[in-house]
Amino acid sequence: MSENTPAPLSWPFREAERIAERLKQKGKDHALFETGYGPSGLPHIGTFGEVARTSWVRKAFTDLTGLPSRLLAFSDDMDGLRKVPDNVPNKAMLKEYLGRPLTKIPDPFEKFESFGAHNNNRLQEFLRTFGFEFEFASASDYYTSGRFDDALLHVLRHHEEIVNIILPTLGTERRATYSPILPIHPRTGVVMQVPIEQVDVDNGSVVWTDPADGTKYETAVTGGAAKLQWKADWAMRWYALDVDYEMSGKDLIDSVKLSSSICRALGKEPPVTLTYELFLDEKGQKISKSKGNGLSIDEWLTYAPKESLSQFMYHAPQRAKKLFFDVIPRATDDYIAAATALPTAEKPHDNPAWHIHGGVLPEHAGSPIGFGMLLNLASVINADSPEMLWGFIRAYIPGADAESYPFLARLVHHAIAYNRDFVAPAKKFRAPTKVERAGLTDLAKSLAADEQAQYPGETPAEKLQNLVYAVGKRHPFAPLKSWFDCLYQVLLGTTEGPRFGGFIALYGVERTVALIETALARG
RNA sequence: GAGCCUGUAGCUCAGUGGUAGAGCAUCCGACUUUUAAUCGGACGGCCGUGGGUUCGACCCCCACCGGGCUCACCA
């Protein structure tokens with residue numbers, strides 16, 4: 001960026017400025033970005049949003065400062081399995097392993113060496129599909145390799161302080177048993193939530209009692225023999241890795257606050273954080289993985305290009321947004337507008353497409369026809385194949401095809417799916433009146449008879465349009481518009497439609513005849 | 001109880017200090033072999049309320065009112 005360019009106002013750049021300021025104060029010359037994943041952790045649309053948004057901030061940071069950075073995708077795979085998920089096989093087996101770290105539980109899908117490894121693999125595969133640049137990190141690896149040992153001993157030294165930060169936030173029953181340190185049971189392998197009776201800083205260990213049989217154990221806090229409870233875990237990680245930036249949903253506001261306090265108690269300034277708003281379903285409720293409400297990534301990508309999902313995630317992260325089918329067309333058209341405006345934008349850094357494409361707009365981005373428009377057309381002509389739509393598009397842009405307009409070709413593909421699943425099912429076919437029935441019968445007969453006839457210099461569409469018009473004239477339709485209304489309402493189930501001759505030419509004469517017969521049979 | 005978001009045209013929403021906007025809906029007109037994937041126009045707003053800062057506020061600050069969500073067990 002040149003000195004004269006005004007500072008971009010877009011939120012990723014504002015976040016980047018906050019990070020740059022932090023680095024300046026700390027005297028750091030590189031930045032660590034982190035995103036975290038819970039143990040239930042199969043990738044979902046929120047995962048995409050968090051990594052996409054973090055990546056945009058990171059790109060803005062690079063652009064702003066020129067400093068190196070890393071993005072760590074950290075999996076909490078050492079957390080104990082609390083309950084058996086609904087959507088996995090081998091539930092009975094999993095039940096036997098409840099309470100143990102995910103990386104110590106066999107993979108219910110029988111593909112990887114553990115359930116944790118399975119989830120980790122799925123996550124990385126997911127992130128790679130979208131082309132995110134990241135480094136994967138496993139909590140189990142970090143704990144067992146000793147990478148966290150220094151920080152864990154440090155936590156032990158501040159044990160009382162940390163307990164005092166957390167205690168006021170807990171209910172009375174929990175207060176009695178709370179400790180940020182969760183020993184792994186040396187015999188059963190279960191992550192234990194037990195009172196810590198003694199903290200031995202010199203030995204780096206804690207003493208606790210197994211409530212099942214009263215046995216007393218002394219467990220090292222290092223080397224993976226123990227792990228930390230959630231909020232302390234987050235704080236310790238920030239401390240140990242010196243994380244500079246991490247965003248999270250607003251459901252974690254209190255956790256961010258407490259973890260930040262703990263991080264400070266350990267002696268380091270917590271990272272720059274951003275709290276983003278949650279996604280709501282069509283009824284305004286929080287999207288929940290277990291409830292399965294809202295919209296999945298796969299569903300979104302069925303109905304619109306992935307750029308539109310990025311556009312949706314880019315826009316106003318601190319604003320609650322409905323994540324449902326009906327937001328897709330607008331997100332898509334917003335993206336198209338941004339991509340179209342980017343090449344001539346005065347402030348490209350403020351354009352969503354700049355962020356979505358990492359600063360470089362691909363060739364053929366954007367579309368001469370909006371998605372909403374295309375949906376309208378698909379609905380009106382009952383499009384069930386790309387060629388039907390292309391026929392109309394070519395009337396508008398001569399010579400257009402999938403090769404010259406590749407992005408439009410993707411839109412066409414998606415418009416058909418969206419129309420099929422959301423628009424078409426809402427259609428209503430009404431029964432024909434007596435007069436209409438006669439007209440339709442006439443039309444079917446005339447179409448079948450005239451199929452071979454062709455006047456010189458006349459396109460099939462014109463010929464068919466004339467035929468439809470002539471049939472209407474032969475019957476008492478007044479005004480003639482009502483004859484065409486009948487065609488749309490009875491045959492297509494819509495209130496309006498395309499020039500009917502063109503529709504027949506595209507749809508096929510025989511199929512149109514069949515369509516009429518179906519409608520007559522229905523009436 | 002703690003916190004966050006939100007209030008702008010009939011609807012859905014843009015709009016980060018300089019003349020209030022878009023899409024849809026509605027109405028009028030052009031076209032006339034219906035239709036709109038067309039073109040032109042109109043209608044429509046104390047920008048939730050009250051105060052403050054400012055030469056100037058939809059925008060920043062404070063208070064209030066309305067709508068909604070999240071967390072208060074676990075992660």
Side-chain angles (χ1 to χ4, degrees), chain A residues 7-11 14 36-41 76 78-83 102 139 168-171 173-174 178 182 191 193 227-234 248-259 275-281 283-288 315-322 326-327 329-331 333-334 337 350 368-381 389 391-397 415 461-462 464-473 477-489 492 494-503:
Chain A
L9 293 171
S10 64
W11 67 266
R14 288 206 304 275
Y37 310 91
S40 57
D76 280 318
M78 197 164 162
D79 288 18
L81 178 68
R82 293 188 57 249
K83 62 172 188 181
L102 285 146
T169 70
L170 298 176
E173 334 81 73
R174 267 281 170 258
Y178 181 82
L182 312 176
V191 181
Q193 258 192 68
K227 77 176 295 294
L228 297 188
Q229 183 270 348
W230 155 242
K231 285 160 192 166
D233 200 32
W234 211 8
S248 53
K250 84 163 176 186
D251 51 333
L252 295 185
I253 285 173
D254 285 342
S255 297
V256 170
K257 242 178 237 175
L258 286 173
S259 294
T275 300
Y276 55 84
E277 262 286 354
L278 301 176
F279 299 111
L280 311 174
D281 67 9
K283 280 172 271 172
Q285 300 298 306
K286 178 186 174 182
I287 299 280
S288 144
H315 181 256
Q318 281 166 305
R319 202 155 166 162
K321 278 183 299 193
K322 186 171 64 165
D326 49 7
V327 306
R330 178 167 184 162
D333 280 334
D334 283 352
D350 289 347
I369 300 178
F371 192 57
M373 202 81 102
L374 222 42
L375 279 178
N376 196 355
L377 175 61
S379 159
V380 144
I381 66 172
L389 280 172
F392 281 82
I393 291 168
R394 269 191 283 275
Y396 186 62
I397 310 169
E462 282 166 353
L464 291 162
Q465 180 68 18
N466 287 335
L467 187 148
V468 173
Y469 185 76
V471 169
K473 279 290 201 189
F477 290 106
L480 191 62
K481 182 182 187 303
S482 65
W483 163 235
F484 288 94
D485 286 344
C486 149
L487 295 177
Y488 300 121
Q489 292 165 15
L492 302 185
T494 59
T495 53
E496 44 196 42
R499 184 172 282 267
F500 212 78
F503 171 78

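Computed from heavy atoms alone, side chains included, the values below leave out hydrogens, waters and symmetry copies. Convention: sequence-line order gives letters A, B, ...; per-chain numbering from 1.
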Rounded to whole Å, please give me the gap between [atom1] in [X] and [atom2] in [N].
| X | N | atom1 | atom2 | result |
| --- | --- | --- | --- | --- |
| Tyr178(A) | rC73(B) | OH | C1' | 14 Å |
| Asp254(A) | rA2(B) | CG | P | 12 Å |
| Leu278(A) | rG3(B) | CG | C1' | 12 Å |
| Asp334(A) | rU12(B) | CG | P | 17 Å |
| Leu467(A) | rU33(B) | CG | P | 17 Å |
| Trp230(A) | rC71(B) | CH2 | P | 13 Å |
| Lys321(A) | rU6(B) | NZ | C1' | 14 Å |
| Ile253(A) | rC69(B) | CD1 | P | 16 Å |

Apply salt bridge (Lys or Arg N to Asp or Glu O under 4.0 Å) to Asp334(A) and list each qualifying residue two or more places apart in sequence or on a separate chain.
->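 Once residues adjacent in sequence are excluded, the partners of Asp334(A) under the salt bridge (Lys or Arg N to Asp or Glu O under 4.0 Å) criterion are Arg330(A).
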State which residues pass salt bridge (Lys or Arg N to Asp or Glu O under 4.0 Å) with Lys231(A); sequence neighbours excluded, sorted by chain then number.
->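 Applying salt bridge (Lys or Arg N to Asp or Glu O under 4.0 Å) to Lys231(A) gives none.
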When the [atom1] atoms of [N] and [M] are considered, how many whole Å apart are they?
| N | M | atom1 | result |
| --- | --- | --- | --- |
| rA37(B) | rG44(B) | C1' | 27 Å |
| rG18(B) | rA57(B) | P | 11 Å |
| rC31(B) | rC46(B) | C1' | 42 Å |
| rG50(B) | rG17(B) | P | 23 Å |
| rA9(B) | rU70(B) | P | 26 Å |
| rU19(B) | rU38(B) | P | 31 Å |
| rG48(B) | rC58(B) | P | 10 Å |
| rG23(B) | rG66(B) | P | 35 Å |

Which residues pass the side-chain contact (heavy atoms from CB on, under 4.5 Å) test with [X], not counting sequence neighbours?
| X | result |
| --- | --- |
| Val191(A) | Pro101(A), Leu182(A), Ile184(A), Lys227(A) |
| Leu252(A) | Trp230(A), Trp234(A), Ser248(A), Ser255(A) |
| Arg82(A) | none |

Of all the nucleotides listed ([options]), which has the minimum atom distance to the side chain of [X]?
| X | options | answer |
| --- | --- | --- |
| Arg174(A) | rC73(B), rU12(B), rU33(B) | rC73(B) |
| Ser255(A) | rU70(B), rA75(B), rC71(B) | rA75(B) |
| Arg319(A) | rC69(B), rA75(B), rC13(B) | rC13(B) |
| Gln229(A) | rA14(B), rC4(B), rA75(B) | rA75(B) |

Pairing string, 5' to 3', for RNA chain B - Watson-Crick or wobble contacts under 3.5 Å, brackets [ ] where pairs cross, | to another strand | ((((((((.[[[[.)..(..]]]].(((((.......))))).....[[[[[..)....]]]]])))))))....
Mind checking Leu252(A) for me? I need base, sugar-phosphate or nothing, with any heavy atom below 4.0 Å counting as a touch.
->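 Answer is base: heavy atoms of Leu252(A) come under 4.0 Å of a base.
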If only side-chain N and O atoms of Gln318(A) are considered, is one of them under 4.0 Å from the OP1 or OP2 phosphate oxygen of rC4(B)?
->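 Answer no for this pair, as no side-chain N or O of Gln318(A) is under 4.0 Å from OP1 or OP2.
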Please examine the side chains of Asp76(A) and Asp79(A), heavy atoms only from C-beta on, and report whether any two atoms are closer than 4.5 Å.
->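 Yes, close enough: below the 4.5 Å cut-off.
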Supply the atom-to-atom distance Lys321(A) NZ to Phe279(A) CZ, rounded to the nearest 0.5 angstrom.
->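 If I round to the nearest 0.5 Å, the distance is 6.0 Å.
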Base rC69(B) paired with Lys250(A) side chain (donor-acceptor, <3.5 Å) |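 Such a pair exists between side chain and base.
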Between Leu182(A) and Thr169(A), which has a closest nucleotide on RNA chain B that is more 5'?
->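 Final value for this comparison: Thr169(A).
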Report the residue (Tyr469(A) or His315(A)) whose heavy-atom-nearest nucleotide on RNA chain B is the more 5′ of the two.
->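 First, find each residue's nearest nucleotide; the 5'-ward one identifies His315(A).
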Does Glu277(A) pair with Arg319(A) as a salt bridge, N-O distance under 4.0 Å?
->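 Salt bridge flag = no for Arg319(A) with Glu277(A).
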Where do Tyr178(A) and Gln193(A) land on the side chain to side chain donor-acceptor pair (under 3.5 Å) test, with the steps shown first?
-> CA-CA 8 Å; Tyr178(A) 181 82; Gln193(A) 258 192 68; over 6 Å; no
